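Quick caveat, the model's predicted, so the values are computed rather than measured. One-based numbering, in listed order, for ligands and for the atoms of each.
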Amino acid sequence: MSGTRAAIVTGGSRGIGRGIVVALAGAGYDVVVNYARNADAAREVGKEVEALGRRAHLVQADVSRAADRQRLVDETVSAFGRIDLLVNNAGVAPDVRADILEAGEESFDRLVGINLKGPYFLTQLAARAMIDQIDRGVLTAPKIVTISSMSAYTASVNRGDYCVAKAGLAMSTQLYAARLAEHGINVYEIRPGIIETDMTGPVKAKYDDLIFNQGLTPIRRWGKPDDVGKAVVAVATDLLPFSTGQVIDVDGGFHLRTL
Ligand code: NAP
């Protein structure tokens with residue numbers, strides 16, 4: 001059993017996903033860069049991976065669609081022959097933030113489809129492939145990491161759909177951690193705080209004020225995609241072998257209660 005480890009990073013073309021892809025390539029992983037629409041961004045990330053001496057394979061797939069999820073796993077196995085790591089990162093914010101007394105089902109269905117159903121069932125597919133590869137002696141100790149959010153436990157009443165989906169990911173992580181331990185597959189949840197990406201672009205001024213003037217986070221700066229990338233690398237390089245179902249906060253201390 002040898003060879004270069006391979007990872008799937010959903011939504012690996014921009015933002016946090018891009019940071020994770022580059023960090024994994026730097027740690028020696030070949031990477032499947034999944035994206036939904038923006039192929040140019042995915043190609044740019046692919047070039048960064050290759051500049052680090054690793055292989056990149058780009059796969060357009062909408063994680064909310066069952067056929068796309070299957071194709072993503074199948075193409076990964078065709079390209080690299082193995083899945084040592086799945087990173088469920090792809091996610092979207094609500095198109096419009098709306099009070100939960102007004103918000104509609106269309107936004108709820110979209111958010112839950114992409115942010116919760118997608119990773120839940122992609123994990124199922126990837127786990128089956130991993131178990132098969134373990135049984136055939138292709139690899140040992142693959143891992144699954146899901147990027148949730150501080151919204152998993154922080155109530156924002158103008159984006160309840162997003163919070164509900166992220167809270168669901170927290171239980172999804174616990175479920176798969178409990179189920180997959182017997183196969184030697186550890187499962188982790190990474191909870192980013194406020195990270196500087198396209199997603200937070202529209203609310204930049206609000207968060208600038210909260211972080212720098214009001215002390216929302218004990219560490220007074222924006223998080224960077226690379227902050228999350230480093231946490232994924234710690235898991236991917238076996239630095240937490242006796243931990244599973246673990247939540248790793250990458251949030252500048254946002255989760256601390258202080259008095
Ligand atoms: P982003 O900059 O908007 O990037 C989103 C990525 O996901 C893009 O690569 C996008 O691809 C992809 N994507 C969107 N819909 C998809 C779908 N249906 N199927 C496959 N890929 C899809 O977002 P981000 O800020 O990096 O967020 C990444 C993850 O971190 C999300 O799950 C988000 O909820 C979570 N998070 C973010 C923050 C933050 O402060 N930014 C905080 C906590 C948690 P295309 O470009 O092709 O659309």
Side-chain angles (χ1 to χ4, degrees), residues 8-23 31-46 48 58-73 75 86-95 109-122 145-154 156 159 161-170 172-173 189-204 206-208 210-211 216-217 221-229 231-232 247-252 254-255:
I8 300 174
V9 181
T10 67
S13 56
R14 291 190 291 116
I16 291 173
R18 181 178 189 145
I20 294 169
V21 168
V22 173
V31 190
V32 166
V33 180
N34 159 250
Y35 65 99
R37 287 171 300 275
N38 188 339
D40 286 344
R43 275 192 283 273
E44 286 301 312
V45 183
E48 283 186 72
L58 316 184
V59 179
Q60 186 286 327
D62 178 344
V63 295
S64 70
R65 296 167 60 97
D68 285 22
R69 291 191 296 270
Q70 185 68 59
R71 187 167 46 74
L72 176 57
V73 169
E75 284 197 30
L86 167 67
V87 183
N88 288 306
N89 164 76
V92 290
D95 284 335
D109 287 345
R110 172 173 174 266
L111 271 279
V112 170
I114 297 171
N115 292 2
L116 178 57
K117 187 179 86 172
Y120 185 84
F121 285 105
L122 181 60
V145 178
T146 295
I147 308 302
S148 65
S149 168
M150 63 197 205
S151 298
Y153 64 92
T154 303
S156 298
R159 50 184 179 131
D161 36 25
Y162 185 84
C163 296
V164 164
K166 292 298 184 181
L169 289 180
S172 173
T173 298
E189 177 190 348
I190 292 181
R191 281 188 189 158
I194 301 162
I195 312 291
E196 199 164 10
T197 69
D198 295 342
M199 184 182 280
T200 44
V203 285
K204 183 166 186 324
K206 172 186 163 185
Y207 284 129
D208 274 345
L210 288 171
I211 294 167
L216 179 73
T217 53
R221 69 167 173 87
W222 281 78
K224 303 282 185 194
D226 184 52
D227 291 314
V228 183
V232 173
V247 178
I248 302 169
D249 294 291
V250 181
D251 65 354
F254 172 85
H255 67 282

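Of the protein's heavy atoms, Gly91 O, 3.9 Å lies nearest to atom 5 (C) of ligand 1. Ranking the protein heavy atoms by distance from atom 47 (O) of ligand 1 puts Arg37 N, 2.6 Å first. Ranking the protein heavy atoms by distance from atom 27 (O) of ligand 1 puts Met199 CE, 3.8 Å first. Residue, atom and distance of the protein heavy atom nearest to atom 9 (O) of ligand 1 are Ser13 OG, 2.7 Å. Taking atom 24 (P) of ligand 1 as the reference point, the nearest protein heavy-atom neighbour is Thr197 OG1, 3.6 Å. In terms of protein heavy-atom proximity, atom 1 (P) of ligand 1 is closest to Arg14 NH1, 3.8 Å. The single protein non-hydrogen atom nearest to atom 36 (N) of ligand 1 is Tyr162 OH, 3.7 Å, given as residue, atom name and distance. Among all protein heavy atoms, the one lying closest to atom 7 (O) of ligand 1 is Gly11 CA, 3.5 Å.
In terms of modelled atom types and a separation under 3.5 Å, the side chain of Thr10 and the main chain of Ala90 share a donor-acceptor contact. With hydrogens and angles ignored, the 3.5 Å screen pairs no side-chain donor or acceptor of Thr146 with any backbone N or O of Ser148. With hydrogens and angles ignored, the 3.5 Å screen pairs no side-chain donor or acceptor of Asn89 with any backbone N or O of Ile147. Using modelled atom types, one side-chain atom of Arg69 and one backbone atom of Val63 make a donor-acceptor pair closer than 3.5 Å.
Among Asn89, Thr200, Thr146, Val63, the residue whose heavy atom lies closest to atom 28 (C) of ligand 1 is Asn89. Taking each of Ala41, Ser149, Gly193, Ala90 in turn, the one with a heavy atom nearest to atom 42 (C) of ligand 1 proves to be Gly193. Closest to atom 20 (C) of ligand 1 by heavy atom, among Gly113, Gly12, Ala61, is Ala61.
One finds the CG atom of Asp208 at 12.0 Å from the CG atom of Leu216 (value rounded to the nearest 0.5 Å). Rounding to the nearest 0.5 Å gives a distance of 8.0 Å between CG of Leu111 and CG of Asp95. Taking CG of Asn34 as the start and CD of Gln60 as the end, the distance is 7.5 Å to the nearest 0.5 Å. Interatomic distance, Lys206 NZ to Ile194 CD1, rounded to the nearest 0.5 Å: 8.5 Å. Once rounded to the nearest 0.5 Å, the distance linking NZ of Lys117 with CZ of Arg65 reads 10.0 Å. To the nearest 0.5 Å, the span separating OG on Ser149 from CG on Asp251 amounts to 9.5 Å.
Close approach of ligand 1 to Ile147 is summarised as follows: ligand atoms under 4.0 Å from at least one heavy atom of the residue are 30 (O). Remark: ligand 1 atoms within the under-4.0 Å shell around heavy atoms of Ile16 are 26 (O), 30 (O), 36 (N), 37 (C), 38 (C). Close contacts of ligand 1 with Ala36, meaning ligand atoms under 4.0 Å from a residue heavy atom, involve 11 (O), 16 (C), 17 (C), 19 (N), 20 (C), 21 (N), 22 (C), 45 (P), 47 (O), 48 (O). In summary, the atoms of ligand 1 found under 4.0 Å from a heavy atom of Asp198, numbered by their order in the structure, are 2 (O). For ligand 1 and Ile114, the ligand atoms under 4.0 Å from any heavy atom of the residue are 18 (N). Counting the atoms of ligand 1 from 1 in the order shown, those under 4.0 Å from a heavy atom of Asn34 are 20 (C), 21 (N). Near Gly15, the atoms of ligand 1 lying under 4.0 angstrom from a non-hydrogen atom of the residue are 2 (O), 26 (O).
Here Lys166 has side-chain heavy atoms under 4.0 Å from ligand 1, and that is the only part of it that gets that close. The proximity of Ile195 to ligand 1, defined as any non-hydrogen pair under 4.0 Å, involves the side chain as well as the backbone. Using a 4.0 Å cut-off between heavy atoms, Val92 contacts ligand 1 through its side chain alone, with no backbone atom that close. The residue Asp68 has no part lying near ligand 1, judged by heavy-atom distances below 4.0 Å.
Below 30°, between 30° and 60°, or above 60°: for Tyr207 and Trp222 the angle between ring planes is above 60°, a perpendicular geometry.
At least one heavy atom of Asp62 sits closer than 4.0 Å to an atom of ligand 1. Distances from ligand 1 to the non-hydrogen atoms of Ser148 include at least one value under 4.0 Å.
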Test log, rule side chain to side chain contact (heavy atoms under 4.5 Å, CB included), inputs Leu169 and Asn115: CA-CA 8 Å; Leu169 289 180; Asn115 292 2; 5.5 Å; no
Evaluation steps, side chain to side chain contact (heavy atoms under 4.5 Å, CB included), between Thr200 and Ile195: CA-CA 7 Å; Thr200 44; Ile195 312 291; 5.7 Å; no
Worked verdict on Arg71 versus Asp68 for salt bridge (charged side-chain N to carboxylate O under 4.0 Å, His left out): CA-CA 5 Å; Arg71 187 167 46 74; Asp68 285 22; 3.6 Å; yes
Test log, rule side chain to side chain contact (heavy atoms under 4.5 Å, CB included), inputs Leu58 and Arg43: CA-CA 7 Å; Leu58 316 184; Arg43 275 192 283 273; 3.7 Å; yes
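Where the criterion is an N or O separation shorter than 3.5 Å, residue side chain and backbone included, Asn38 meets it with respect to ligand 1.
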